[in-house]
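Whatever order the structure lists them in is the order used to number ligands and atoms, beginning at 1.
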Amino acid sequence: MTDRFGRKIEYLRVSITDRCNLRCIYCMPSMPDGFCPVSHDDVLRYEEIERVVRCMVPLGIRHVRVTGGEPLARKGAAGFAGRLRKIPGIETVTMTTNGVLLSEYARELAEAGIDGVNISLDTTDEALSERITNRPGTVKAVKEAIRRMREYGVPVKINAVLLKETLPSICGLLEFAKDGIPVRFIELMPIGYGKELEGATPEEARAVIRESYPDFAESGVRLGAGPARYYSSSRLAAPVGFIEAVSHSFCSSCNRVRLTSTGLLKSCLCFDQGTDLSGMLRGSASDDDIKEAVRNCIYLKPAKHCFDSKEDITETKLMSQIGG
Ligand code: SAM
Ligand code: SF4
């Protein structure tokens, strides 16, 4: 369906857990192990999420991304992705993961028919990655996971948040990915702990890349349903994307809504507004009632975020509670 600004909404990000095995500095840096801000009973069961997705197909949702917290930290995540993939009308099911547990589930995800996996890896410098994620050994684990996913023929992309401290290593990341893995650099967003950090700008990143790849230039290529702008170089096999949510807002073509693990349907990352579906799912609401609630939520989607005016951001949840 379209919202009141005529935007076609066809992409749903589903967070299946708020828990995570990493502690990224911009997301949930200092929480104790096992930290989960919501009680287990409040987290939607897989059947409940599946019901929401089924209700959203007639409203135009075609693409679902499973995220978290760390989605693979929840038992049964790969099988759940497979269940979503079988829903008539759903054209793609993808996952965003930090990749640390991915090797373990590579085969199951491939057999489940996952259409692609985005792996978050900010740097290939192991010591720096440890400082960012507050966990050792992430780079080694992620490299192995990427190898395995590609062995199974599952398309992978790398997502890297742009930080001042990763600028010196971004060409190393491109070097690692140069035989054909698309890398997308994500501008740090002022959500959760992201508010307190200063990221690197996409312009700074492109300047660093041009020092090693002088013909690095915007290509006009489009990959998938996302908002990345792609650049390329004759010396890189895959395009390099920039997701510039802050400096080049793409709100006018935003095609997405988000379902948190507790059943809040959010229509914009920036605002603490949304429709709580959990009460409906656990009460006596019919599928038609749920569809009507989703329709209203989509219709009222805000025109744009206000990341450039931090005091107007009303979202107080962490990115791990929203799903990115
Ligand atoms: N744990 C999984 C992962 O890291 O891929 C999935 C959830 S994570 C919240 C989804 C994405 O959000 C990751 O790519 C992460 O780097 C990104 N992210 C987290 N906090 C962010 C922030 N403040 N600004 C921009 N991206 C952020
Ligand atoms: Fe975990 Fe992903 Fe947040 Fe890092 S960005 S702490 S991996 S949820």
Side-chain angles (χ1 to χ4, degrees), residues 13-38 64-74 77 81 94-102 105 109 116-123 129-135 137-139 141-142 145-146 149 156-164 166 173 182-202 205 226-228 241-247 249-250 256 258-261 266 269-270 305 307 310 313 315-324:
R13 293 180 72 97
V14 174
S15 171
I16 60 170
T17 178
D18 292 12
R19 289 176 195 263
C20 189
N21 50 345
L22 302 186
R23 290 289 179 273
C24 300
I25 51 172
Y26 42 72
C27 187
M28 48 188 293
S30 55
M31 285 67 181
D33 280 355
F35 166 81
C36 188
V38 296
V64 180
R65 177 168 295 278
V66 178
T67 176
E70 173 47 41
L72 294 174
R74 179 165 174 183
T94 49
M95 181 177 278
T96 295
T97 167
N98 62 38
V100 171
L101 302 170
L102 185 56
Y105 295 104
L109 282 166
V117 176
N118 287 358
I119 301 172
S120 303
L121 180 69
D122 298 337
T123 177
S129 180
E130 180 169 346
R131 289 202 292 283
I132 293 170
T133 63
N134 287 294
R135 292 290 183 272
T138 49
V139 175
V142 171
I146 290 174
M149 292 314 287
V156 298
K157 292 189 199 122
I158 293 176
N159 284 346
V161 174
L162 282 172
L163 301 168
K164 295 275 186 219
T166 55
L173 191 57
V183 175
R184 289 111 49 83
F185 291 105
I186 304 177
E187 205 170 9
L188 182 72
M189 287 179 259
I191 294 290
Y193 286 85
K195 275 187 189 153
E196 284 146 42
L197 296 173
E198 198 194 341
T201 66
F242 290 86
I243 302 180
E244 302 177 60
V246 184
S247 54
S249 149
F250 34 78
R256 63 198 54 197
R258 295 169 167 85
L259 183 68
T260 70
S261 68
K266 269 180 70 63
L269 198 51
C270 183
H305 66 58
F307 287 157
K310 284 192 194 169
I313 301 172
E315 183 54 87
T316 54
K317 285 189 277 305
L318 305 177
M319 204 60 123
S320 55
Q321 293 175 273
I322 303 171

**Message:** Between Ser261 and Gln321, is the side chain to side chain donor-acceptor pair (under 3.5 Å) condition met? List the steps.
**Reply:** CA-CA 7 Å; Ser261 68; Gln321 293 175 273; over 6 Å; no
Sub-4.0 Å atoms of ligand 1 with respect to non-hydrogen atoms of [X]:
{"X": "Met189", "answer": "22 (C), 23 (N), 24 (N), 25 (C)"}
{"X": "Glu187", "answer": "25 (C)"}
{"X": "Ile191", "answer": "23 (N)"}
{"X": "Val161", "answer": "16 (O), 26 (N)"}
{"X": "Gly194", "answer": "23 (N)"}
{"X": "Thr67", "answer": "6 (C), 7 (C)"}

Quick one: which of Asp122, Asn134, Thr123, Thr138 gives a side-chain hydrogen bond (donor to acceptor under 3.5 Å, both in side chains) with Ser129?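 When side-chain hydrogen bond (donor to acceptor under 3.5 Å, both in side chains) is applied between Ser129 and each of Asp122, Asn134, Thr123, Thr138, only Thr138 qualifies.
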Give the residue, atom name and distance (to 0.1 Å) of the protein heavy atom nearest [atom].
{"atom": "atom 3 (Fe) of ligand 2", "result": "Cys27 SG, 2.4 Å"}
{"atom": "atom 18 (N) of ligand 1", "result": "Met319 CG, 3.9 Å"}
{"atom": "atom 6 (S) of ligand 2", "result": "Cys24 N, 3.3 Å"}
{"atom": "atom 1 (Fe) of ligand 2", "result": "Cys20 SG, 2.3 Å"}

When rounded to the nearest 0.5 angstrom, what distance separates [atom1] in [X] from [atom2] in [Y]?
{"X": "Asn98", "Y": "Cys27", "atom1": "CG", "atom2": "SG", "value": "10.0 Å"}
{"X": "Met149", "Y": "Met95", "atom1": "CE", "atom2": "CE", "value": "8.5 Å"}
{"X": "Met319", "Y": "Tyr193", "atom1": "CE", "atom2": "OH", "value": "14.0 Å"}
{"X": "Ile158", "Y": "Ile146", "atom1": "CD1", "atom2": "CD1", "value": "4.0 Å"}
{"X": "Ile186", "Y": "Leu163", "atom1": "CD1", "atom2": "CG", "value": "10.5 Å"}
{"X": "Phe250", "Y": "Ile243", "atom1": "CZ", "atom2": "CD1", "value": "6.5 Å"}

Worksheet item: Would you call Met189 and Val246 a side-chain contact if the rule is heavy atoms closer than 4.5 Å?
Response: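 Heavy-atom side-chain distance check passes, below 4.5 Å.
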Student check: side-chain heavy atoms of Thr96 and Pro71 closer than 4.5 Å: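 A side-chain contact is absent here, since even the closest heavy-atom pair is not under 4.5 Å.
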Q) At a 4.0 Å cut-off, with the gap strictly under it, does some heavy atom of Met319 reach an atom of ligand 2? A) no
| said: Contact between ligand 2 and Gly69 is defined here as a heavy atom of the residue under 4.0 Å from a ligand atom; is it met? | reply: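 Flag set, Gly69 near ligand 2.
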* Determine, counting only non-hydrogen atoms of the protein, whether one lies under 4.0 angstrom from atom 20 (N) of ligand 1. => yes
*Among the heavy atoms of Gly68, does any lie under 4.0 Å from an atom of ligand 1?*
yes
(message) Does the residue Lys195 have a heavy-atom contact with ligand 1, meaning some pair of atoms that are separated by less than 4.0 Å?
(response) no
Check: Glu187 side chain, Ser247 main-chain N or O, donor-acceptor pair, under 3.5 Å | yes
Do any N or O atoms from the side chain of Arg135 and from the backbone of Asn21 form a donor-acceptor pair under 3.5 angstrom?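 Confirmed, Arg135 side chain pairs with Asn21 backbone.
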For this session: Provide the number and element of each atom of ligand 2 under 4.0 Å from a heavy atom of Met28.
Result: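 In order of number, 6 (S).
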Atoms of ligand 2 under 4.0 Å from any heavy atom of Leu22, numbered from 1 in the order shown, are 6 (S), 7 (S)
Under 4.0 Å between heavy atoms, the region of Thr97 that gets near ligand 1 turns out to be backbone
Closest to atom 2 (C) of ligand 1 (heavy atoms only, candidates Ser120, Ser320, Gly69, Gly324) is Gly69
